[in-house]
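So that the names make sense, note that chain A is the first sequence line, chain B the second, and so on, each numbered from 1.
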Amino acid sequence: MPQDTHSPPPETILVAVAWPYANNHLHMGHLAGSYLPADIYARYHRMRGNRVLMVSGSDSHGTPVTVRAEEEGTTPEAIFERYHQSFLDTFEGYGISFDLFTSTNTENHARVTQDIFLRLLEGGHLYEAEQELLYDPKVSRFLPDRYVEGTCPRCGFESARGDQCDSCGATLDAVDLINPRSRLSDATPERRVTSHFMLRLSAFTEQLRAWVEPKTYWRPHVRNFTLGMLREGLPDRAITRDLTWGVPIPLEGYESKRIYVWFEAVIGYLSASKEWAASPLNPNGDPEDWRLWWQAEDAKSVYFQGKDNIPFHTIIWPSILLAYGDLNLPYDVPANQYLTMSGAKASKSRGGVVWAPDALERFDPDPFRYYLAAAAPETSDSDFTWAEFVRRNNDELVARWGNLVNRVLTITRRNFEARVPQAPSTLSPESTALLERVDQAFASVGEAMEAVHLRRALGLAMEVATAANQYLDARAPWVHVKQNRDHAAETLFVALNVISGLASLLNPVLPFTSQRVWTLLAHPGEVQAAGWRRTPVAAGTELPEPTPLFKKLDDSVVEEEEARLTR
RNA sequence: GGCAGGGUAGCUCAGUGGUAGAGCAGCGGACUCAUAAGCCGUUGGUCGCGGGUUCAAAUCCCGCCCCUGCUACCA
């Protein structure tokens with residue numbers, strides 16, 4: 001019988017997702033690395049009845065946006081707006097279900113950031129210090145290290161970047177480069193002294209260590225990397241820059257400076273929560289509701305992003321939170337490794353990537369969600385190939401799951417006048433066993449979901465589909481429908497109920513097609529709202545005419561898409 | 001250089017002390033309801049290399065080789 005496998009009291013969970021930088025469209029690496037895992041996790045918890053707030057936004061500030069604006073002869077706002085809209089479209093297309101996807105370019109965010117800045121200043125966590133930085137006199141701008149090129153002082157490579165030499169791999173300081181030149185104008189940068197606010201990160205080393213040490217449930221690479229950085233000691237870092245595109249410093253006399261992105265962007269998690277609470281999106285209408293996720297003791301916050309973002313979420317953001325006080329530190333930071341594209345790292349700048357908006361013009365979202373979840377880079381880098389995409393689509397979605405739904409519905413339609421057959425009062429052992437197996441899967445899949453082992457969660461759900469195919473084959477309802485109608489009726493009744501359970505189990509990963517299965521089973525409303533349990537299919541229910549859930553893809557897709565990649 | 005992750009069947013990967021696993025590909029078979037899908041059986045591995053600990057190691061320790069990533073003032 002259907003049952004909720006375990007019903008603890010509702011939890012409060014903040015699903016915090018990396019802020020994409022608004023200088024280009026999103027690609028498959030972004031989806032696989034943070035947006036899709038976050039969405040699967042959030043959908044699962046919503047089905048469990050937990051109180052989920054899933055937020056993120058466009059990171060709108062920073063030098064690259066300014067530079068791009070100048071290249072195109074437009075404003076930073078226009079560049080940001082373009083990609084912000086692209087992000088919103090991508091999330092809608094792929095079913096990434098943010099409660100709020102805002103940006104750092106809001107008054108609210110500036111206000112929250114400035115509040116934190118002032119409180120940290122009062123608390124002695126910030127101080128002013130002079131720095132010598134490289135300045136491009138032609139474009140009148142201080143240069144981030146990456147915008148300086150020159151000869152590597154170590155290996156003599158002539159096109160070393162200011163932060164790192166691509167030839168010998170050395171970590172560099174831009175002022176040490178020989179014959180430095182600006183990448184913005186080719187001018188020779190000048191050394192100029194400028195004054196900036198520094199964050200006293202060094203003061204938090206011990207507190208952070210005490211906080212991270214017991215986090216044994218974190219992914220090993222996240223915890224080890226963080227502890228390694230703490231062992232080496234944290235240097236204080238400048239949190240302001242000589243820029244005009246960014247959040248202003250809330251003090252007199254600092255009009256030419258802005259709060260820098262690495263300090264300001266992570267604050268977005270908090271400002272977005274506040275924006276959501278005060279907006280019409282909050283059904284309760286209480287602007288103070290953000291406190292539920294940020295101040296309640298048992299609230300959990302889970303931060304999804306790629307591994308390159310680990311220090312910002314395990315060192316810098318926690319330091320800011322500790323300095324500010326009275327706000328929850330991250331509960332977990334399930335950072336993913338990288339998704340490589342046919343062996344090469346996905347990169348916005350280098351090409352060879354599958355752009356999220358483009359891919360959706362030719363394929364449905366669920367096959368991508370499925371593939372990226374099944375091959376998620378949870379423990380090590382994983383490779384996206386079109387051949388694997390086509391194979392998983394055809395073998396696993398079409399043949400195993402879609403075909404299961406289709407064959408059961410078709411037999412039912414042709415032999416039982418499209419009505420769910422009546423099963424006998426006592427089910428056979430194999431029928432009972434299969435139903436129990438589905439119901440039990442809600443516990444095992446749920447456990448994997450909560451540990452953010454999404455590959456495993458999906459694998460466990462798909463095993464149930466395999467068991468259902470085996471059951472059908474053993475019971476051969478297409479044979480018994482002629483000789484022993486009751487036997488076939490029981491088989492189909494059970495199979496339809498198993499499919500109902502699978503629609504729910506797979507919904508976090510496959511929301512679009514699970515909803516279609518829901519409709520094919522004549523369930524009213526939305527699968528998302530049905531809870532984390534199998535919804536029974538009642539005998540006698542009239543079923544609509546089935547249509548295939550997934551499209552089988554021809555092998556020629558592989559060549560076509562690979563040709564597109566190299567363009 | 002430092003740090004991290006990885007090196008297991010042709011391919012993609014799971015498996016952290018107790019007789020080597022899954023999916024796909026390959027081979028064979030029974031079936032035919034279904035988008036020729038599904039089901040059953042089967043071939044295939046000195047678990048990167050060399051030492052060590054142990055009654056027992058893919059799994060723990062040491063050394064080495066190779067791959068990837070990170071190394072935080074691009075975000």
(message) Please classify the nucleic acid contact of A:Leu549 as base, sugar-phosphate, or nothing, using heavy-atom distances under 4.0 Å.
(response) base
(message) Let's see if you can work this out: which of B:U35, B:C33, B:C73 has an atom nearest to the side-chain heavy atoms of A:Lys552?
(response) B:U35
(request) Check every atom of B:G38, B:C73, B:G23 against the side chain of A:Asn469 and return the nucleotide holding the closest atom. (result) B:G38
(request) Can you tell me the distance, in whole Å, between the CG atom of A:Leu397 and the P atom of B:A37? (result) 14 Å
(request) Rounded to whole angstrom, note down the C1' distance from B:U8 over to B:G45. (result) 8 Å
(message) Between B:A9 and B:U42, how many Å separate the two C1' atoms, rounded to a whole number?
(response) 14 Å
(request) Check every atom of B:C39, B:G5, B:C24 against the side chain of A:Asp473 and return the nucleotide holding the closest atom. (result) B:C39
(message) Nearest to the A:Arg455 side chain among B:G38, B:G69, B:C13, which nucleotide is it?
(response) B:C13
(request) Let me know the distance between CH2 of A:Trp386 and P of B:C24, rounded to the nearest Å. (result) 22 Å
(request) Indicate whether OP1 or OP2 belonging to B:G38 is found under 4.0 Å from a side-chain N or O atom of A:Gln470. (result) no
(message) What contact category does A:Ile316 fall into here, base, sugar-phosphate, or nothing, at under 4.0 angstrom with non-hydrogen atoms?
(response) nothing
(request) Determine which nucleotide pairs with B:C64, using a 3.5 Å limit on both distances of a Watson-Crick or G-U wobble pair. (result) B:G48
(request) Mind listing the closest non-hydrogen atom pair of A:Leu208 and A:Ile315 along with its distance? (result) CD1-O, 3.9 Å
(message) If I take atom CG from residue A:Leu472 and atom CZ from residue A:Arg407, how far apart are they, to the nearest 0.5 angstrom?
(response) 5.0 Å
(request) Under 4.0 Å between any heavy atoms, over every strand shown, what does A:Val261 touch: base, sugar-phosphate, or nothing? Just pick one. (result) sugar-phosphate
(message) For A:Arg68, is there an ion pair with A:Glu71 - N to carboxylate O distance below 4.0 angstrom?
(response) no
(message) For the P atoms, the ones on B:C3 and on B:C62, what distance do you get once it is rounded to whole angstrom?
(response) 13 Å
(request) Measure from the side chain of A:Met229, starting at C-beta and using heavy atoms only, and say which of B:C70, B:A72, B:C33 lies closest. (result) B:A72
(request) Mind checking the CD-CZ spacing from A:Gln470 to A:Arg475? Nearest 0.5 Å is all I need. (result) 15.0 Å
(message) Please compare A:Ala474 and A:Val222 by the position of their nearest nucleotide in RNA chain B and report the one closer to 5'.
(response) A:Val222
(request) Determine the interatomic distance between C1' on B:A57 and the same-named atom on B:C67; round to the nearest Å. (result) 24 Å
(request) Among B:U35, B:G69, B:C74, find the nucleotide with the atom closest to the side chain of A:Tyr260. (result) B:C74
(request) Among the candidates B:C31, B:A72, B:G23, find the nucleotide nearest to the side-chain atoms of A:Phe312. (result) B:A72
(request) Taking all non-hydrogen atoms of both residues into account, name the closest pair between A:Arg485 and A:Asn415 and its distance. (result) NH2-O, 2.8 Å
(message) Between P on B:A37 and CG on A:Asn393, what's the gap in Å once rounded to a whole number?
(response) 12 Å
(message) I'd like to know if A:Arg192 pairs up with A:Glu190 as an ion pair, taking the criterion as any Lys NZ or Arg NE/NH1/NH2 lying under 4.0 Å from an Asp or Glu carboxylate oxygen.
(response) yes
(message) What is the separation between atom CZ on A:Arg391 and atom C1' on B:G26, rounded to the nearest whole Å?
(response) 15 Å
(request) Take atom OH of A:Tyr370 and atom P of B:C24, then tell me their distance rounded to the nearest Å. (result) 11 Å
(request) Just call it for A:Pro64: base, sugar-phosphate, or nothing, with non-hydrogen atoms closer than 4.0 Å on any strand. (result) sugar-phosphate
(message) Quick check on contacts: within residues 401-420 of chain A, what sits under 4.0 Å from RNA chain B by heavy-atom distance?
(response) A:Asn403, A:Asn406, A:Arg407, A:Thr410, A:Ile411, A:Arg414
(request) Select base, sugar-phosphate, or nothing to describe what A:Ala399 touches, counting heavy atoms under 4.0 Å on all strands. (result) sugar-phosphate
(request) Heavy atoms only: give me the nearest A:Met462-A:Glu396 pair and the separation to one decimal. (result) CE-O, 3.5 Å
(request) For A:Gly57, answer base if it contacts any base atom (sugar-phosphate contacts may also be present), sugar-phosphate if it contacts only those atoms, and nothing otherwise; contact means non-hydrogen atoms under 4.0 Å. (result) nothing
(request) Rounded to whole angstrom, note down the P distance from B:U59 over to B:G6. (result) 13 Å
(message) Using atom C1' in both nucleotides, what's the gap between B:A14 and B:C24 to the nearest angstrom?
(response) 15 Å
(request) Ignoring the backbone of A:His221, work out which of B:G23, B:A4, B:C31 is nearest its side chain. (result) B:A4
(request) When you get a sec, tell me which of B:A72, B:A37, B:U32 is the closest nucleotide to the side chain of A:Ile315? (result) B:A72
(message) Could you report the tightest heavy-atom contact between A:Ser500 and A:Leu521, atom names first, then the distance?
(response) CA-CD1, 3.4 Å
(request) Taking the side chain as every heavy atom from C-beta outward, state whether A:Tyr21 and A:Val65 have any pair of such atoms under 4.5 Å apart. (result) yes
(request) Name the residue closer to the 5' end of RNA chain B, choosing between A:Asn394 and A:Arg241 according to the nucleotide with the nearest heavy atom. (result) A:Asn394
(message) Rounded to whole Å, please give me the gap between CG in A:Leu492 and C1' in B:A34.
(response) 12 Å
(message) Let me confirm one number: the CG-OH distance from A:Asp364 to A:Tyr370, rounded to the nearest 0.5 Å.
(response) 16.0 Å
(request) Could you measure between the two C1' atoms, the one in B:U43 and the one in B:G50, and give it in whole Å? (result) 32 Å
(request) Write down the distance separating the C1' atoms in B:C47 and B:G21, rounded off to the nearest Å. (result) 11 Å
(request) Determine which nucleotide pairs with B:G69, using a 3.5 Å limit on both distances of a Watson-Crick or G-U wobble pair. (result) B:C3
(request) Rounded off to whole Å, could you give me the CZ-to-P distance for the A:Arg141 and B:C73 pair? (result) 18 Å
